[in-house]
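All remarks here apply to the structure that follows.
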Number of protein chains: 2
Amino acid sequence: MLRVLIDRYVREGQPVGSRTLAREAGLELSPATIRNVMSDLEELGFIRAPHTSAGRVPTVQGYRFFVDTLLKVQPLDITSVEKMRLEFQAEQAPKNLIESASELLSGITHLAGVVTLPKHEHALFRRVEFLPLSENRVLAILVTSEGEVQNRMITTDRQCTASELQQASNYLNQLFQGKDLGAVRSTLLSEMQEARSTMNRMMVTAIQMADQVLEEKQSEDYVMAGQTNLMEFHELCDIEKLRNLFDAFNQKREILHLLDQCVHGDGIQIFIGDESGYQTLDECSMVTAPYQVDGEVVGVLGVIGPTRMAYERVIPIVDATARLLGAALNHKD
Amino acid sequence: MLRVLIDRYVREGQPVGSRTLAREAGLELSPATIRNVMSDLEELGFIRAPHTSAGRVPTVQGYRFFVDTLLKVQPLDITSVEKMRLEFQAEQAPKNLIESASELLSGITHLAGVVTLPKHEHALFRRVEFLPLSENRVLAILVTSEGEVQNRMITTDRQCTASELQQASNYLNQLFQGKDLGAVRSTLLSEMQEARSTMNRMMVTAIQMADQVLEEKQSEDYVMAGQTNLMEFHELCDIEKLRNLFDAFNQKREILHLLDQCVHGDGIQIFIGDESGYQTLDECSMVTAPYQVDGEVVGVLGVIGPTRMAYERVIPIVDATARLLGAALNHKD
DNA sequence: GATTGGCACTCTCTAACGGGGAGTGCCAAT
DNA sequence: ATTGGCACTCCCCGTTAGAGAGTGCCAATC
């Protein structure tokens, strides 16, 4: 019953009344019977009436119950998965894959797609290079085993010569080649403790630089696509709300925090309406799945849309995309 | 007269009538007189009445005339320029400066700010590096004199060994060190002609790779900030329009084409309403200025807002930002 | 006792109506 | 050339009324 109501509401976006529901549900029941049932559902807090004598709409608890207990996700058919896989087939830089993934998500679901950049904690250190720029500014370039390149401007406290820098990078390359970045970072930190006294000034600088490069990874980021899809849902078509929502997308902070929570829970994670705890997302839901490279979760992807979304359709899509993205990134090693 | 009307309309966003205008203009004239003048202005095509018995609003030609002939931009006062300069003061990577600039623009004007990434045609080749990734995939890293790092995945037709790659990068580094990227590119192209026969297979690969890296620069890009500011203008607060506008921002193609046109015209360039030729921007204006590094124009920045914008306030801001950004980027050499 | 039809009631939505207000155009007077 | 006056137009806004959809409850039915 609730299932049919939600199904209908998701499709039409209008409060649904007893007559419609009677017709919609396969069962041969009169509207009056339905009304009784709906009364019960309302008492349980699963649906509510926007006002007397409008139909009913699902509440957050309603969606939650629907998603948790009576949702059966139909697995995607093979051909459409194949179609998706092709999107990732072309050899691409990781950054492009991420973008493809978010576009794929938003394209198929007609919602907003979001993909966090992969964490590099478990990438392997490949090499670091320091190039002098001007006076006391140095360009540090870090290359990981995944073919990811990070670069960063560094200010040193004194001018370094080219050979000094060469020496520094040689030292670090030799020391860390092939190690995982997390390990590199922690080694660096402890090294910095004792370095003060025993190592020469230049090595300290080198370590500081390397540490700065690694720091970058902490500030995470995401890529988003299809925000404008959300304008199609009339329940969000309020300039005030839209503005807040888009501002939140640009700010990134709140969304990132939310996505972060999804890394830990394994598998699909769903926030419905105000469950997220952020007011700007009150009328939105988020369906996310972590994606893995080498069996390690390195990021999260998902979609953001109105609470009224076709969960049973979206969930398998998000799930599949996470798998495909993971696989595509794996290739790179 | 037109000036006063535009001024008022820009502030209030409402059609302005003869009585208001009579009060607003310092002159001691009766509404009736004003009406005659407005009649004339309407005949000239500078203003129009949305319907009988509403006030008048400026037309595109009205704005154009206003901007071209009777606009006197008041120069920015020193203190606010200083404030802006501070934003750029901090040593930053070019990419960050670009972002700061677009945020600055949108922040001060309350419109959308846009800044193209600087062209690198005139940057100097510093070095290129090739790292083997897997099978026949190679990571190419190009560093320019400006401290800009570009990296790109390259697929070769056969597997290259580390030493081959080393050799290739040595060759290129030696050949091109310190040359300007435009020159590098053209040299590469001509070299590729004769290379077929005389040079060994590996060098061809090297040139192909380098060429691929350089190609990247062609596809330009921009950074945008403050899109949501546009939601505050009620003449744009139509979901349909907003959606088209935001889609255009994401698509980038049209906007980029428009910005491209602004590189050539020197100094401030202004598109009002449908002058841009793109329907999505019909109700928008764009104020742009090219910015230079080393006396060479390398990019464009500007703001996008409703036709009803405070041109005399926006123009000097865009102008100043272009200068400041140029100066900040100059530092880097 | 679950199910049903009937009925009065509620509430929204829409269109129609009707001032009030703002602004115009024109004209005659200054 | 400028001005006040005046009739006219059109938007805007609040009111009203009717249609439509849906509900809750009650009594009848299987």
Side-chain angles (χ1 to χ4, degrees), chain A residues 1-59 61-62 233-239 283 308, chain B residues 1-59 61-62 233-239 283 308:
Chain A
M1 199 78 268
L2 180 60
R3 170 157 47 225
V4 182
L5 186 144
I6 289 186
D7 187 66
R8 169 76 185 198
Y9 181 66
V10 163
R11 279 212 316 285
E12 303 289 332
Q14 301 292 337
V16 11
S18 53
R19 164 172 279 115
T20 328
L21 203 49
R23 225 180 307 112
E24 202 88 356
L27 323 164
E28 295 290 326
L29 292 175
S30 77
T33 319
I34 307 285
R35 279 206 280 282
N36 291 328
V37 180
M38 284 166 93
S39 244
D40 298 347
L41 284 176
E42 186 157 17
E43 231 157 84
L44 288 169
F46 289 163
I47 57 178
R48 82 196 153 74
H51 49 83
T52 341
S53 139
R56 309 302 224 287
V57 302
T59 61
Q61 294 94 54
F233 298 93
H234 57 277
E235 63 264 47
L236 298 177
C237 274
D238 172 275
I239 295 291
E283 309 196 16
R308 162 173 86 86
Chain B
M1 198 83 265
L2 180 61
R3 171 157 46 225
V4 181
L5 186 146
I6 289 186
D7 188 66
R8 169 77 183 199
Y9 182 66
V10 163
R11 281 212 315 283
E12 304 289 333
Q14 300 292 337
V16 10
S18 52
R19 164 171 281 113
T20 329
L21 204 48
R23 226 181 305 111
E24 203 88 355
L27 323 165
E28 293 292 328
L29 292 175
S30 77
T33 320
I34 307 286
R35 279 205 281 281
N36 290 329
V37 180
M38 284 167 91
S39 245
D40 298 345
L41 284 176
E42 187 156 16
E43 230 156 85
L44 288 168
F46 288 163
I47 58 178
R48 80 197 155 74
H51 48 82
T52 341
S53 142
R56 309 301 223 288
V57 303
T59 62
Q61 293 93 52
F233 298 91
H234 57 279
E235 62 263 47
L236 298 177
C237 274
D238 170 273
I239 294 292
E283 309 196 16
R308 166 174 84 85

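Rounded to an integer number of Å, the gap from A:N36 CG to D:dT29 C1' is 15 Å. Rounded to an integer number of Å, the gap from A:R23 CZ to D:dG22 C1' is 13 Å. With rounding to whole Å, B:D40 atom CG is found 14 Å from C:dT24 atom P. Put simply, CD on B:E12 is 17 Å from C1' on C:dG23, counting in whole angstrom units. Rounded to whole Å, the distance from CG on A:L29 to C1' on D:dC30 is 15 Å. Protein atom CZ of A:R19 is 17 Å distant from nucleotide atom C1' of C:dT3, rounded to whole Å. If you measure from atom CE of B:M38 to atom C1' of C:dA22, you get 12 Å, rounded to the nearest angstrom.
For the pair A:R23 and A:R19, the minimum side-chain heavy-atom distance is below 4.5 Å.
Candidate nucleotides C:dG23, D:dT23, D:dG4 were compared by shortest atom distance to the side chain of B:S30, and D:dG4 ranks first.
Each of B:H51 and B:E28 lies near DNA chain D, and the nucleotide nearest B:E28 is the one positioned closer to the 5' end. Residue whose closest nucleotide on DNA chain D sits further toward the 5' end, between A:P15 and B:A32: B:A32. Where B:S53 and B:R56 each meet DNA chain C at their nearest nucleotide, the meeting point lying more 5' is that of B:S53. Closest-nucleotide positions on DNA chain C for B:S39 and A:I34 were compared, and the one nearer the 5' end corresponds to A:I34.
Scanning both residues, B:Q14 and B:Y9, for their nearest heavy atoms gives O-CD1, 3.1 Å. Closest approach of B:S18 to B:P31, counting heavy atoms only: CB-O, 3.7 Å. Across every non-hydrogen atom of A:R8 and A:E24, the tightest pair is NH1-OE1, 3.2 Å.
Among the heavy atoms of the strands, none lies under 4.0 Å from A:Q14. Within 4.0 Å (heavy atoms only), A:A54 reaches sugar-phosphate atoms of the nucleic acid but no base atom.
For the OP1/OP2 pair of C:dT24 and a distance below 4.0 Å, the side-chain nitrogens and oxygens of B:S18 include at least one atom meeting the criterion. At C:dC11, one or more side-chain N or O atoms of A:T52 fall inside 4.0 Å of OP1 or OP2 (strictly under the cut-off).
One finds no salt bridge joining A:D7 and A:R3 here, because no Lys/Arg side-chain nitrogen approaches an Asp/Glu carboxylate oxygen to under 4.0 Å.
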For B:R48 and B:T59, run side chain to side chain donor-acceptor pair (under 3.5 Å): C-alpha distance rounded to whole Å, both residues' side-chain angles, the deciding distance at 0.1 Å, then the answer.
CA-CA 6 Å; B:R48 80 197 155 74; B:T59 62; over 6 Å; no

Go through it in stages, so that I can follow the logic: the residues are B:M38 and B:L5, the test is side-chain contact (heavy atoms from CB on, under 4.5 Å), and I'd like the CA-CA distance, side-chain angles, deciding distance and then a yes or no.
CA-CA 10 Å; B:M38 284 167 91; B:L5 186 146; 4.1 Å; yes

If pairs are Watson-Crick or G-U with both distances under 3.5 Å, what is the dot-bracket string of DNA chain C, marking crossing pairs with [ ] and pairs to another strand with |?
||||||||||||||||||||||||||||||

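Interface remark: the A:R35 side chain does not form any donor-acceptor pair with the C:dG5 base, using a distance-only criterion of under 3.5 Å.
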